[in-house]
Amino acid sequence: MVVARVAVALVWALAWGAASAADGWVMPRTSAGAPDLQGIWTNSTITTLERPDDIDSLVLTPGEAALLERKNADFYEAYDQPTPTDGEALPEGGDPGGYNTFWMDPGTHLAVVNGEIRSSLIVDPADGEIPYRLKARWNMFWRFLDFIGHDNPEQRPLGERCMVGFGSTGGPPMLPVLYNNNYQIVQTADTVMILVEMNQDARIIRMDSQHLPQNIRPWLGDSIGHWVGDTLVVETTNFHPGQGLRVATQHALFSSQNLAVTERFTMIGPGQMLYSFEMDDPEVYSSVWRAEIPMRRAPGPIYEYACHEGNYALPNILAGARAEDRASAENPWWKRWF
């Protein structure tokens with residue numbers, strides 16, 4: 001059985017690598033002569049941003065990849081099993097769980113770049129970890145405490161408030177999350193627009209332009225772009241302070257308002273694009289760090305993401321927190337201890 005899995009993984013990896021060298025492939029171009037990146041793309045993958053602690057190498061063998069993908073599939077299969085068994089009531093105070101895997105679409109395969117099966121999206125530094133400064137880790141801890149607070153609506157995550165997608169799905173950098181990992185690119189001669197499926201965020205990249213004044217800080221930062229050969233290079237600054245902490249199920253990304261992100265979009269074959277980015281924030285990171293994510297054409301279309309958390313989740317969460325406050329006032333902690 002393991003041999004069969006290894007064989008499947010090997011064929012799958014070779015197919016990814018071979019596509020970029022497909023005979024006769026010609027770079028599609030717009031009427032202006034620029035590479036035509038337009039269409040719907042996906043960056044879904046089960047490869048995490050940072051490397052898991054029990055893996056030492058950036059590149060995995062087909063056998064290692066097959067085992068990890070099987071482990072991931074088994075996790076999602078077990079996640080859908082009812083707990084407790086059907087017909088039994090949950091114990092008092094029991095957690096009924098969140099939504100089931102019907103709503104989840106993180107992908108089923110690890111990322112493959114240049115024929116290499118990757119254990120992390122981060123490729124530099126070599127250990128596959130974000131090089132946070134010690135002070136930045138402390139600031140991240142305090143920011144996270146505020147992030148999970150329930151005192152007012154502004155403390156709740158931006159995704160929960162339907163402001164932007166969670167986990168930096170809209171970017172930059174554009175990271176894969178639990179679902180809705182699709183993007184639609186539209187080009188004109190002087191603008192590139194990236195519509196993000198999650199929360200219907202729209203990034204407007206002004207080509208060959210200048211950054212906005214520092215006091216103007218859009219939710220997704222201020223992006224300007226230019227072509228270097230056949231690669232679209234996008235530089236983003238002016239990040240909104242509310243985007244300092246971006247949390248998903250598999251990663252947490254912390255930065256300051258002084259973050260500068262350089263992204264590169266390069267088509268490498270029919271239906272394939274390499275998306276890479278560099279994160280430069282001397283206040284938070286001890287060095288510039290870099291990651292690579294393969295993107296594939298998706299059949300589409302992208303449907304409307306009608307976010308209603310802002311309508312229902314916030315009132316319910318805050319109401320629950322106020323109920324807990326009243327309960328604590330009636331039975332303070334010192335009465336429970338003495």
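The figures that follow rest on heavy atoms only: side chains count, while hydrogens, waters and symmetry mates do not. Counting begins at 1 with the first residue of the sequence.
The residue from Arg264, Met295, Glu292 that alone fulfils the side-chain contact (heavy atoms from CB on, under 4.5 Å) condition with Tyr275 is Met295.
A donor-acceptor pair under 3.5 Å is formed between the side chain of Arg217 and the backbone N or O of Gln257. With Arg137 contributing its side chain and Phe141 its backbone, the two residues share no donor-acceptor pair below 3.5 Å. Without hydrogens or angle criteria, Thr61 side chain to Glu64 main chain gives a donor-acceptor distance under 3.5 Å. Judged purely by atom type and a 3.5 angstrom limit, Thr45 uses its side chain to pair as donor or acceptor with the backbone of His109. No donor-acceptor distance shorter than 3.5 angstrom exists from the side chain of Arg296 to the backbone of Gln272, with no hydrogens or angles considered. Ser119 contributes a side-chain N or O that, together with a main-chain N or O of Ser57, makes up a donor-acceptor pair within less than 3.5 Å. A side-chain donor-acceptor contact under 3.5 Å links Gln187 to the backbone of Leu37. The backbone N or O of Ala126 sits less than 3.5 Å from a side-chain atom of Arg51, completing a donor-acceptor pair. With hydrogens and angles ignored, the 3.5 Å screen pairs a side-chain donor or acceptor of Asn238 with a backbone N or O of Pro213. Judged by distance alone, the side chain of Thr169 and the main-chain N or O of Gly165 form no donor-acceptor pair under 3.5 Å.
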Query - Verdict with supporting geometry, Glu324 and Arg326, salt bridge (charged side-chain N to carboxylate O under 4.0 Å, His left out) - result: CA-CA 5 Å; Glu324 289 183 345; Arg326 289 190 296 271; over 6 Å; no
Query raised in the report: Could you walk me through whether Phe254 and Ile130 pass the side chain to side chain contact (heavy atoms under 4.5 Å, CB included) check?
Result: CA-CA 9 Å; Phe254 182 67; Ile130 299 174; over 6 Å; no
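Inter-residue side-chain proximity for Arg161 and Gln155 is flagged as unmet; no heavy-atom pair is nearer than 4.5 Å. Considering only heavy atoms from C-beta on, Phe147 stays 4.5 Å or farther from Arg246 through its side chain. Side-chain contact between Gln243 and Val164: present, with at least one pair of heavy atoms (C-beta onward) separated by less than 4.5 Å. Annotation: side chain of Ile317 is in contact with side chain of Arg156 (closest heavy-atom distance under 4.5 Å). Contact check for Met273 versus Trp41: side-chain heavy atoms found under the 4.5 Å cut-off.
Counting non-hydrogen atoms of other residues, nucleotides and ligands closer than 6.0 Å to CD of Glu154 gives a total above 12. Sparse packing is recorded around CG of Leu134, with 12 or fewer heavy atoms of other residues, nucleotides or ligands lying under 6.0 Å away. The neighbour count for Asp53 CG, taken as heavy atoms of other residues, nucleotides or ligands under 6.0 Å away, does not exceed 12. Sparse packing is recorded around CD of Gln250, with 12 or fewer heavy atoms of other residues, nucleotides or ligands lying under 6.0 Å away.
The cluster map of Ile, Leu, Val, Met, Phe, Trp and Tyr, joined by side-chain heavy atoms under 4.5 Å apart, puts Val234 and Trp227 in the same cluster. Follow the hydrophobic side-chain contacts under 4.5 Å out from Val177 and you never reach Leu195; the two are in separate clusters.
Side-chain N/O atoms of Asp36 and Gln38 include a donor and acceptor closer than 3.5 Å. Counting only N and O atoms by type, the side chains of Arg203 and Ser223 include a donor and acceptor under 3.5 Å apart. For His211 and Asp222, the side-chain atoms include at least one donor-acceptor pair closer than 3.5 Å.
Within the structure, disulfide bond (SG atoms under 2.5 Å apart) contacts touching residues 118-183 (residues at least two apart or in different chains) are Cys162-Cys307.
For Asp74 and Lys71, the salt-bridge test fails: no basic side-chain N is under 4.0 Å from an acidic carboxylate O. A salt bridge links Asp230 with Arg29: the closest approach of a Lys/Arg side-chain nitrogen to an acidic carboxylate oxygen falls below 4.0 angstrom. Note on Arg118 versus Glu116: salt bridge recorded, some NZ/NE/NH1/NH2 to OD/OE distance being below 4.0 Å.
Summarising the geometry of Leu245 relative to Phe144, their closest heavy-atom pair is CD2-CA, 3.7 Å, with the distance given to 0.1 Å. Nearest heavy atom pair, residue Glu129 against residue Pro125, reads O-CG, 3.3 Å.
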